[in-house]
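Working notes, beginning with the structure itself.
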Amino acid sequence: MSISQSEILYNIFTNMKRIKELRKENGVTQKEIADYLNIKQNTYSQYENGQRQVPIEILARLADYYEVSVDYIIGRTDI
């Protein structure tokens, strides 16, 4: 089964929305998450704002940090 371009764009938007929601729900700043990921705060901000694609390694580390699945972050599941 192939994924349509609109589904891919939706997942990208959801991804950005979810990493921002997770950060806010957990009461951490962009700087704190950036430090955890060993990246600059402005790079992390670009991930949240959809200005830069999030590498899979970063998605995996975010999933570990928030104790959720990568599938949740990218919008493939709501669990």
Side-chain angles (χ1 to χ4, degrees):
M1 182 166 111
S2 65
I3 298 175
S4 71
Q5 186 173 3
S6 63
E7 288 174 310
I8 292 169
L9 292 174
Y10 173 78
N11 284 345
I12 290 169
F13 172 75
T14 300
N15 176 358
M16 300 311 113
K17 182 179 172 188
R18 287 212 168 143
I19 63 172
K20 187 173 187 175
E21 286 174 355
L22 284 165
R23 180 180 59 76
K24 288 185 172 195
E25 287 170 5
N26 285 273
V28 292
T29 65
Q30 286 185 348
K31 175 75 170 121
E32 290 170 318
I33 295 298
D35 288 347
Y36 168 77
L37 297 170
N38 293 320
I39 60 174
K40 294 181 180 181
Q41 182 273 326
N42 66 329
T43 300
Y44 182 79
S45 177
Q46 290 172 344
Y47 294 156
E48 278 193 4
N49 294 317
Q51 297 171 326
R52 181 181 280 207
Q53 186 175 7
V54 184
I56 189 65
E57 302 84 23
I58 297 292
L59 288 174
R61 293 198 63 213
L62 288 169
D64 289 344
Y65 183 86
Y66 293 120
E67 298 180 350
V68 299
S69 68
V70 172
D71 280 350
Y72 176 80
I73 292 176
I74 65 170
R76 291 184 55 166
T77 182
D78 287 329
I79 302 173

Looking only at non-hydrogen atoms, find the nearest pair between Val28 and Tyr65 and report the distance.
CG1-OH, 3.5 Å
side-chain hydrogen bond (donor to acceptor under 3.5 Å, both in side chains) with Glu48: of Arg18, Lys20, Lys17, Arg23, only one passes, and it is Arg23
Take Ile73 and Val54 through the side chain to side chain contact (heavy atoms under 4.5 Å, CB included) test and state the conclusion after the steps.
CA-CA 11 Å; Ile73 292 176; Val54 184; over 6 Å; no
Side-chain donor-acceptor pairs under 3.5 Å in residues 55-63, sequence neighbours left out?
| unit_1 | atom_1 | unit_2 | atom_2 | d |
| --- | --- | --- | --- | --- |
| Arg61 | NH1 | Tyr36 | O | 3.4 |
| Arg61 | NH1 | Leu37 | O | 3.4 |
| Arg61 | NH2 | Tyr36 | O | 2.8 |

Please answer whether the main-chain N or O of Asp64 pairs with a side-chain N or O of Glu67 as donor and acceptor at a distance below 3.5 Å.
no
Lys40: which residues meet the salt bridge (Lys or Arg N to Asp or Glu O under 4.0 Å) condition with it, sequence neighbours left out?
none
Would you find more than 12 non-hydrogen atoms of other residues, nucleotides or ligands less than 6.0 Å from Gln53 atom CD?
no
Rounded to the nearest 0.5 Å, what's the gap from CD on Gln41 to NZ on Lys31? Could you check?
8.0 Å
For the residue pair Tyr66 and Asn26, what are the closest heavy atoms and their distance?
CD2-ND2, 3.4 Å
Side-chain contact, heavy-atom cut-off 4.5 Å: Gln46 with Asn49?
no
Residues forming a salt bridge (Lys or Arg N to Asp or Glu O under 4.0 Å) with Asp71, sequence neighbours excluded
Arg76
Write down the atom of Tyr44, the atom of Ile33, and the distance for their closest heavy-atom approach.
CE1-CG2, 3.5 Å
So how far is it from Gln51 CD to Ser45 OG, rounded to the nearest 0.5 Å?
6.5 Å
Looking at NZ of Lys24 and CG of Leu22, how far apart are the two atoms once the value is rounded to the nearest 0.5 Å?
12.5 Å
